[in-house]
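As the structure is a prediction and not an experimental result, all values here were calculated from the model. Order of the sequence lines fixes the chain letters, A, B, ..., with proteins taken first and strands second; residue numbering starts at 1 for each chain.
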Number of protein chains: 2
Amino acid sequence: MPELPFTLDQLRILKAIAAQGSFKKAADLLYVTQPAVSLQIQNLEKQLEITIFDRGGRKALLTEAGRLLLEYCERILNQCDEACKAIEDLNSLKGGTLVIGASQTTGTYLMPRMIGLFRQKYPDVSVQLQVHSTRRTGWSVANGQIDLAIIGGQLPSDLENLLQVIPYATDELALVLPTRHPLSNKKELLKEDLYKLNFVTLDSQSTTRKVVDKLLQDSGLDNQRLKIEMELNSLEAIKNAVQSGLGASFLPVVSIERELAAGTIHKAFISDLEVKRELKLITNPSRYTSRASEVFKKNILPQFASSDSPLRQM
Amino acid sequence: MPELPFTLDQLRILKAIAAQGSFKKAADLLYVTQPAVSLQIQNLEKQLEITIFDRGGRKALLTEAGRLLLEYCERILNQCDEACKAIEDLNSLKGGTLVIGASQTTGTYLMPRMIGLFRQKYPDVSVQLQVHSTRRTGWSVANGQIDLAIIGGQLPSDLENLLQVIPYATDELALVLPTRHPLSNKKELLKEDLYKLNFVTLDSQSTTRKVVDKLLQDSGLDNQRLKIEMELNSLEAIKNAVQSGLGASFLPVVSIERELAAGTIHKAFISDLEVKRELKLITNPSRYTSRASEVFKKNILPQFASSDSPLRQM
DNA sequence: TATTTCAATAATTTAAATATATGGAGACTC
DNA sequence: GAGTCTCCATATATTTAAATTATTGAAATA
């Protein structure tokens with residue numbers, strides 16, 4: 001790796017002299033003394049083995065080599081200025097990219113609204129949303145590919161204590177039925193009633209599916225006795241299946257707001273069962289936090305967080 | 001004028017770390033100690049108010065701001081390298097421009113050959129030939145627009161002692177006649193014979209014309225008695241006029257070599273008159289001398305100089 | 001000729017960058 | 001899981017570089 005034969009300060013001085021036509025004026029412009037200017041130019045000339053200025057005449061004139069160097073000098077200094085501007089923009093959130101991770105559910109129904117709000121406030125920061133499994137999202141946060149993420153499942157334990165996990169909101173997984181289903185008339189169901197239903201579920205790899213299975217099991221139900229009509233890998237597909245009368249399902253309430261309002265799907269109430277999961281914000285405390293990420297966490301997330309989330313207090 | 005928030009050394013270090021993925025390896029690469037690298041990056045981060053590297057993981061990873069800065073960093077360092085190369089080329093005569101001044105005569109008949117020789121040796125140095133009057137050429141040398149020049153006339157006295165004037169060669173101004181002219185049969189002419197001729201001359205502003213007039217006058221001739229058939233402003237035009245039998249003229253021998261060889265023009269010999277002028281090299285000793293100019297003066301000019309020129313001894 | 005201006009030089013001070021030495025945190029080994 | 005290794009941060013000391021003040025010399029101005 002070659003030594004650098006000049007410094008930016010020298011180039012700055014060169015430019016100033018060329019512009020002012022005088023060592024002294026350049027010195028005044030740069031708020032240094034004249035000898036400092038003289039010495040720096042002498043060093044520059046020594047190191048490059050060229051003569052840069054013609055000191056003979058009334059004003060300091062550039063030699064051919066000097067003109068050549070000045071050309072590069074201006075380009076280099078311009079690049080430097082540009083770099084500074086770009087960095088400033090990044091600091092003032094006028095640039096940069098925020099990478100957010102999310103699960104299927106939050107990524108589809110929650111994040112778009114949050115991102116919309118963020119982009120409204122900081123239109124110059126581009127936002128990238130990566131929808132992946134809980135596990136993969138966790139790893140991406142761990143190695144810095146994702147700035148922050150909201151997950152609804154359980155992280156592998158090794159990641160759990162590597163990352164900062166903040167409770168963010170409670171996501172109710174509602175039992176939904178076709179509107180014409182016999183049980184949709186009953187005001188309250190009991191968990192025993194679940195055995196009477198045909199279920200349309202997410203595939204067994206899905207985090208949401210695992211969460212639901214675990215919650216049902218924990219509440220004393222026998223998952224083996226639950227009838228699974230079909231497994232689909234998309235919430236939208238399940239919603240359509242339920243609306244078409246193909247079966248029941250546990251779905252995040254955030255995903256069925258529109259359908260409930262339109263009355264095309266029925267949300268049942270089970271008096272002796274609550275299927276809820278914690279949505280959690282995960283970040284990597286041992287990694288650099290971008291300004292955009294900070295702002296998102298401090299200003300945007302709390303507006304969507306449940307009242308008991310620590311995010312509200314921050 | 002804004003302060004520069006970083007130095008080239010810092011950028012060099014940044015680049016090295018990014019490439020090596022490690023502070024230590026970067027330090028080794030740059031032949032400095034590891035703390036030096038750490039401190040410089042810390043300074044850089046402080047001054048730009050950003051975090052550049054994520055030191056958490058196994059290897060030092062760039063943050064978003066770091067990546068942004070690196071982009072500019074590489075561009076800036078590339079420009080620096082380019083600048084160095086350009087300067088080196090200039091130093092080793094692989095670039096640059098040599099500006100040569102000349103009068104009509106030398107510019108037309110002498111310089112092309114010299115420049116040809118120079119370009120053969122240094123094909124990467126471009127040469128610019130400026131043909132102007134002696135006076136204008138002198139001023140251009142004085143203020144540095146021309147590196148060196150060869151003139152055949154007399155400089156204004158103020159320029160004379162400002163510039164370095166080196167006798168270069170003697171240029172004979174030969175009396176030329178149409179081949180069918182009655183006097184072209186005589187072996188020798190006397191200056192009295194000039195009164196019998198019709199002359200085709202350069203215009204009276206021309207340096208060569210002035211020189212000839214002065215020499216004739218100094219030799220005792222009465223210029224008023226010389227018949228001037230026409231005045232033209234180009235040597236080539238005069239040559240054609242003479243060849244066409246329109247009259248006689250004094251022309252530099254270098255300009256009629258071809259015609260003499262072809263026998264299309266006659267050079268007369270005047271036994272009691274020598275019309276010769278000194279060609280002089282002029283340079284500006286108080287100005288920067290480019291390497292190209294040096295080489296031209298030391299290596300090219302002597303090959304064309306007369307044996308008694310100081311250039312031969314240099 | 002005297003005066004002013006500009007750049008170079010010398011000597012000193014100040015500041016900055018580097019090196020040496022050391023400590024702590026995480027990763028790899030056995 | 002204790003020991004070792006590696007890597008980066010920090011503290012102090014040293015060296016190096018750059019700036020300042022003061023002075024000189026040269027050229028331009030009056």
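The side chain of B:Ala60 sits closest to D:dC8 out of C:dA7, C:dT18, D:dC8. Of the candidate nucleotides D:dT10, C:dT18, D:dT20, D:dT20 has the atom nearest to the side chain of A:Val32. Distance from the side chain of A:Gln40 is smallest for D:dA18 among the nucleotides D:dA11, D:dA18, C:dT9. For B:Ala36, whose side chain is taken as the heavy atoms from C-beta onward, the closest listed nucleotide among C:dA8, D:dA19, C:dA19 is C:dA19.
More than 12 heavy-atom neighbours from other residues, nucleotides or ligands sit within 6.0 angstrom of NZ on B:Lys210.
Residues A:Val99 and A:Gln130 are in side-chain contact: their nearest non-hydrogen atoms beyond the backbone lie under 4.5 Å apart.
Between B:Phe296 and B:Tyr122, the distance from one ring center to the other does not fall under 6.0 angstrom.
Of the charged side-chain nitrogens involved, at least one lies within less than 4.0 Å of a carboxylate oxygen, so that B:Arg12 and B:Asp9 count as a salt-bridged pair.
One finds no side-chain N or O of A:Gln34 lying less than 4.0 angstrom from the OP1 or OP2 phosphate oxygen of C:dT5. The shortest distance between the side-chain N/O atoms of A:Thr33 and the OP1/OP2 oxygens of D:dT20 is below 4.0 Å. The shortest distance between the side-chain N/O atoms of B:Gln10 and the OP1/OP2 oxygens of C:dA17 is not below 4.0 Å. Phosphate proximity of C:dT9 to A:Ser38: absent, as no side-chain N or O sits under 4.0 Å from OP1 or OP2.
Across the protein-nucleic acid pair, B:Lys24 atom NZ and C:dG26 atom P stand 20 Å apart, rounded to whole Å. Rounded to an integer number of Å, the gap from CG of A:Leu162 to P of C:dA27 is 9 Å. Between A:Asp9 atom CG and D:dA18 atom P the separation is 9 Å, expressed in whole Å.
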